[in-house]
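Chain A is the first sequence line, chain B the second, and so forth, proteins listed ahead of strands; every chain is numbered from 1.
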Number of protein chains: 2
Amino acid sequence: MVNKGQHKKSFIKAISAIYRYSQIYIGENIKKYHIGKGQWSFLTQLLFKADGLTQEELSEKLHIDKANTARAVKKLEAEGYVYWEGDPRDARKKRIYVTGKSLEFEEEFHQVFKNLNKILSKGFTEEEREITRNLLFRMLDNIVEYRSSQGK
Amino acid sequence: MVNKGQHKKSFIKAISAIYRYSQIYIGENIKKYHIGKGQWSFLTQLLFKADGLTQEELSEKLHIDKANTARAVKKLEAEGYVYWEGDPRDARKKRIYVTGKSLEFEEEFHQVFKNLNKILSKGFTEEEREITRNLLFRMLDNIVEYRSSQGK
DNA sequence: ACAATATAGTTGCGAAAGCAACCATAGGGG
DNA sequence: CCCCTATGGTTGCTTTCGCAACTATATTGT
């Protein structure tokens, strides 16, 4: 029987678990809007930041494969949360916009984010919250940079 | 067209992207051992910490559903990385142990973890690495506690 | 001792996501 | 102008994962 005692904990173990539990949390809280957790990030990107993005741009901003973007947009459209218009300058591009239905629920959607952040950072000082954001986005930048150095 | 300018970034956006890219990284680096990224965490938990755990214990430690544990263990067994023995005190329990084949690749597996940590924390001071670990595991504890307060 | 409940593990199902192959359109070079 | 390559989007396939339902064994209360 193997027993190595305490190892230095790796980042990815915590990140994986936080990710999965957060997805479950989001899923539970948006079910009533008939949105799945897979569509959530796309809708909120369009709603809280800017819409009129192409699917390619959405994929890039969210770091999600463009195949998923296509499928998520289709589901959001079917539920009436987004619509798209062709780009008059490039017939290949679909520009995605939020509908009035999305705007109607904007505040409620925002609350889901806020509540999740609150749960995750319970007991954090405001400074710790800022440090967390900083470190997380630096890690993300690091792995994005690593991937592009590998030609991805 | 909606355009809200800069919002305070949420933790989950970074965590999701880091998670997915890390999974891709792990997948690429363990493919040659015929292990999928879905089995990786189970194998390393057994190998780097302690084996002889039941599937229930594995699920709890890794915060992964027990159905996944059952499937991952089955795949790892099929590839010869683990075997199991019944618990003589409780005929329901399967205790999972690593094989010599796992031990043979232990150092290489460990290297995959180390390299990923190195990529993610590139440019971090040793203190920042420690802070990151601390904050991540506190976030994990927070959401675990939240869930148990909800009766999960 | 036996019925009721709890625990460990398995299986079926559906959602999410990446990859590869593909189609359509755009843009450049001969 | 036409071929060649690049870009944007779609579809098929596979893996991962959570949930719910199920089976089998253990435990508890009467």
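- Sorted by first and then second residue, the pairs that involve residues 16-30 of chain B and meet side-chain hydrogen bond (donor to acceptor under 3.5 Å, both in side chains), not counting sequence neighbours, are A:H63-B:Y21, A:K152-B:E28.
- Contact detail for B:I12 and A:L116: the closest heavy-atom pair is CB-CD2, 4.0 Å.
- Listed by chain and residue number, nothing satisfies the ring-ring contact (aromatic ring centres under 6.0 Å, His included) test with B:W84 (two or more places apart in sequence, or in another chain).
- Between A:I96 and A:L53 there is no side-chain heavy-atom pair separated by less than 4.5 Å.
- The environment of CD in A:E127 is sparse: at most 12 heavy-atom neighbours from other residues, nucleotides or ligands sit within 6.0 Å.
- Heavy atoms of A:Y21 sit nowhere under 4.0 angstrom from any nucleic acid atom.
- Taking every heavy atom of residues 74-90 of chain B and every atom of DNA chain D, pairs under 4.0 Å involve B:K75, B:D90, by number.
- Toward the 5′ end of DNA chain C lies the nearest nucleotide of B:R92, the other residue of the pair A:H63 and B:R92 mapping further downstream.
- Residue pairs meeting the side-chain hydrogen bond (donor to acceptor under 3.5 Å, both in side chains) criterion with at least one partner in residues 30-43 of chain A, sequence neighbours excluded, are A:Y33-A:E108.
- Between B:D90 and B:R92, at least one side-chain N (NZ, or NE/NH1/NH2) sits under 4.0 Å from a carboxylate O, which counts as a salt bridge.
- Using a 4.0 Å cut-off between charged side-chain N and carboxylate O, B:K101 and B:E104 make no salt bridge.
- Scored by the ring-ring contact (aromatic ring centres under 6.0 Å, His included) test, A:Y83 finds A:Y97 as partners (sequence neighbours excluded).
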Acceptor/donor pairs from residues 70-79 of chain B side chains to any protein atom, 3.5 angstrom cut, sequence neighbours excluded:
| residue | atom | partner | partner atom | Å |
| --- | --- | --- | --- | --- |
| B:R71 | NH2 | B:N68 | OD1 | 3.4 |

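- Take the nearest nucleotide of DNA chain D for A:E28 and for A:K94: the residue whose nucleotide is more 5' is A:K94.
- Within the 4.0 angstrom heavy-atom criterion, only backbone atoms of the sugar-phosphate kind lie near A:K93; the bases stay farther away.
- Within the 4.0 angstrom heavy-atom criterion, base atoms lie near A:R71.
- Here chain A contacts DNA chain C (any atom closer than 4.0 Å to a heavy atom, that is under 4.0 Å), and the contacts span C:dA16 to C:dA26 from 5' to 3'.
- As judged by a 4.0 angstrom heavy-atom cut-off over every strand, A:A67 is placed among the base-contacting residues.
- Within the 3.5 Å criterion, the main-chain N or O of B:Y81 finds a donor-acceptor partner in the side chain of B:T99.
- Take A:S59 and apply the side chain to side chain contact (heavy atoms under 4.5 Å, CB included) test, not counting sequence neighbours, and it matches A:K66, A:T69.
- For the pair B:S121 (side chain) and B:F124 (backbone), a donor-acceptor distance under 3.5 Å is absent.
- Put simply, chain B comes within 4.0 Å of DNA chain D, heavy atom to any atom, from D:dT16 to D:dA26, going 5' to 3'.
- Residues passing the salt bridge (charged side-chain N to carboxylate O under 4.0 Å, His left out) test with A:E57 are A:R95, sequence neighbours excluded.
- Across residues 52-61 of chain A, A:T54, A:Q55, A:E56 each have a non-hydrogen atom less than 4.0 Å from an atom of DNA chain D (numbered order).
- Taking the side chain as every heavy atom from C-beta outward, A:E145 and B:K122 approach each other to under 4.5 Å.
- A donor atom on one side chain and an acceptor atom on the other are found under 3.5 Å apart for A:N134 and A:R138.
- Taking every heavy atom of residues 31-43 of chain B and every atom of DNA chain D, pairs under 4.0 Å involve B:G36, B:K37, B:G38, B:Q39, by number.
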